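Notes to accompany the following structure.
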Amino acid sequence: MKRVLTGIRPTGSLHLGHYVGALKQWLEIQDSEEYECFFLIADIQALTTHSEKPDLLKKSVREVVLDWLSVGLDPTHSNVNFVLQSQVLERHALSNLFMMIAKYSEVMRNPTLKTELDMQENATMGFMAYPVDQIADVYMVNPVPAMKEDQILVPVGADQVPHLEYARDLAIRFNNKYGRMFIPCEPLVGDIGRLVGTDGQAKMGKSTNNAIFLNDSQSVIRKKVMSMYSDPNRQNSPALLYHQAFGSDKAKTDLLVKNYQEGVIGDKQLKEALLEELEKFLTPIRIRRAEYEEENLEVILERGTGYAQTECRKVVSLMMRHMKLGYPEL
Ligand code: TRP
């Protein structure tokens with residue numbers, strides 16, 4: 001059994017950076033049909049930083065589902081599941097059990113947690129524990145019984161790799177201490193791109209006001225593109241980099257890049273050409289989105305979530321058996 005599990009926190013709509021850095025790779029995995037895929041909407045994890053914004057999270061769950069469907073993730077395929085984290089109650093039990101074998105000192109050394117902690121004022125316990133909680137996300141789809149050749153792959157960006165290494169460590173620790181049942185997961189970092197923001201800053205982000213969203217209208221995109229930052233050296237202008245990420249014809253893109261860098265064309269022309277490419281890329285996405293907006297998204301989420309529950313229940317019950325948790329035998 002080859003399974004893929006990955007997730008996103010629903011704290012807003014998704015943008016082109018999410019597409020290049022994650023969704024594009026997820027689509028390839030889905031379409032290869034080699035894996036059973038679990039795409040997780042991590043609404044509990046979103047609470048680790050956004051517990052004061054329940055309305056935003058609720059709205060974002062719908063937005064993320066629509067974003068996923070619109071780019072072509074397709075839960076009508078039998079190998080594709082959309083899972084709403086909070087609704088898999090069994091997963092919370094799994095999380096609690098992993099907490100017991102995760103050491104405080106290890107979690108405090110996690111470099112990703114440390115970096116994120118620096119940007120927080122009053123971190124909650126939930127936040128401090130999220131690297132362990134995330135391990136429960138991964139292993140809720142651990143096959144029961146696990147076979148030698150089974151695999152759990154986790155496609156993520158480089159910042160998530162420490163979390164996955166820790167997920168491997170804890171699986172091995174559990175196996176050694178209580179009995180073999182977990183397949184240590186493997187990160188799948190691959191050749192993932194990172195997209196600069198429209199302001200030329202290193203990363204496109206929802207909170208930094210430098211993103212082009214998958215659901216932005218044509219006129220909004222025109223405004224954003226036309227006011228995009230231009231690199232005076234013509235090397236790192238976002239418009240140039242976006243051509244490279246979204247250009248539909250490599251030869252045409254290469255020529256545009258060359259002409260721009262040699263000063264044959266200016267920013268305005270480069271941006272007009274980019275608008276055309278973005279429209280070409282976004283038109284089918286918009287069409288699919290409009291179709292799905294009429295559909296019952298709850299049913300879609302319930303199917304995948306229900307399947308995850310069934311799988312997770314098996315994991316929890318075996319884990320509890322291994323940990324000798326149960327009524328005393330009389
Ligand atoms: N922490 C991930 C992120 O912020 C999201 C996530 C939640 C995740 N659960 C996961 C990723 C499980 C991989 C596996 O991007």
Side-chain angles (χ1 to χ4, degrees), residues 3-15 17-26 29-30 35-50 57 60-61 64-65 67-68 73 81-88 90-92 94-95 98 102 107 110-117 119-120 123-124 126-142 151-171 182-190 192-195 203-207 211 304-305 308 311-312 315:
R3 285 179 159 172
V4 163
L5 182 137
T6 187
I8 254 175
R9 304 177 187 198
T11 55
S13 293
L14 306 183
H15 50 61
H18 290 113
Y19 183 83
V20 171
L23 301 175
K24 196 174 161 201
Q25 190 195 22
W26 300 8
I29 293 169
Q30 159 186 288
Y35 305 95
E36 192 170 30
C37 301
F38 296 85
F39 299 119
L40 182 75
I41 303 193
D43 55 346
I44 295 287
Q45 191 174 109
L47 284 175
T48 63
T49 48
H50 288 67
L57 300 195
S60 302
V61 169
V64 170
V65 173
D67 286 333
W68 284 0
L73 290 178
N81 302 282
F82 287 3
V83 181
L84 186 57
Q85 188 192 30
S86 61
Q87 302 310 301
V88 187
E90 298 78 0
R91 192 211 66 92
H92 311 332
L94 206 62
S95 173
F98 277 117
V107 176
N110 180 304
T112 301
L113 185 79
K114 275 191 180 161
T115 312
E116 290 170 346
L117 199 54
M119 299 182 288
Q120 291 219 27
T124 59
F127 178 82
M128 300 310 288
Y130 100 81
V132 184
D133 187 66
Q134 182 165 317
I135 290 171
D137 294 340
V138 172
Y139 294 117
M140 76 179 163
V141 300
N142 186 75
Q151 274 187 311
I152 307 175
L153 300 180
V154 187
V156 282
D159 64 313
Q160 294 290 307
V161 171
H163 295 332
L164 297 179
E165 278 165 4
Y166 196 43
R168 288 179 62 81
D169 292 347
L170 286 196
F182 288 110
I183 302 287
C185 65
E186 297 163 54
L188 197 74
V189 179
I192 317 190
R194 180 186 251 210
L195 207 61
K203 195 174 170 193
M204 184 177 278
K206 348 187 203 216
S207 54
T305 304
E311 292 304 286
C312 186
V315 177

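Residue indices begin at 1 and follow the sequence shown. Note that ligands are numbered from 1 as they come in the structure, with each ligand's atoms numbered from 1 the same way. Note that the structure is a prediction, hence the values are computed from the model and not measured.
The heavy-atom pair separating Ser60 from Pro10 by the smallest distance is CB-O, 3.3 Å.
If you look at Gln85 next to ligand 1, there are no close heavy atoms at all, none under 4.0 Å. Residue-level proximity to ligand 1 for Leu164 is absent, since no heavy atom of it falls below 4.0 angstrom.
Residue, atom and distance of the protein heavy atom nearest to atom 7 (C) of ligand 1 are Gln45 NE2, 3.4 Å. In terms of protein heavy-atom proximity, atom 11 (C) of ligand 1 is closest to Gly7 N, 3.6 Å. Nearest non-hydrogen protein atom to atom 4 (O) of ligand 1 is Arg9 NE, 3.3 Å. Residue, atom and distance of the protein heavy atom nearest to atom 2 (C) of ligand 1 are Gln160 OE1, 3.4 Å. If you check which protein heavy atom lies closest to atom 9 (N) of ligand 1, you get Asp137 OD2, 2.7 Å.
Between the His92 side chain and the Ser86 main chain, a donor and an acceptor come within less than 3.5 Å of each other. Gln85 places a side-chain N or O within 3.5 Å of a backbone atom of Asp43 that can act as its donor or acceptor partner. Within the 3.5 Å criterion, the main-chain N or O of Ala167 finds a donor-acceptor partner in the side chain of Tyr139. In this structure a side-chain-to-backbone donor-acceptor pair under 3.5 Å is missing from Thr112 to Gln160. Under the 3.5 Å distance criterion, the side-chain polar atoms of Ser95 are left unmatched by any main-chain donor or acceptor of Ala136.
Numbered from 1 in the order shown, with element, the atoms of ligand 1 that lie under 4.0 Å from a heavy atom of Leu5 read 12 (C), 14 (C). The distance from ligand 1 to the heavy atoms of Val154 drops below 4.0 Å at these ligand atoms: 13 (C), 14 (C). Taking a cut-off of under 4.0 Å to the non-hydrogen atoms of Val156, the atoms of ligand 1 that pass are 13 (C). Near Ala42, with a cut-off below 4.0 Å to any heavy atom, the atoms of ligand 1 are 7 (C).
Closest to atom 8 (C) of ligand 1 by heavy atom, among His163, Glu116, Met140, Gln134, is Gln134.
From Leu153, atom CG reaches atom CD1 of Ile29 across 7.5 Å, with rounding to the nearest 0.5 Å.
Aromatic ring pairs are classed by plane angle as parallel below 30°, tilted from 30° to 60° and perpendicular above 60°; the pair Phe98 and Phe182 is tilted.
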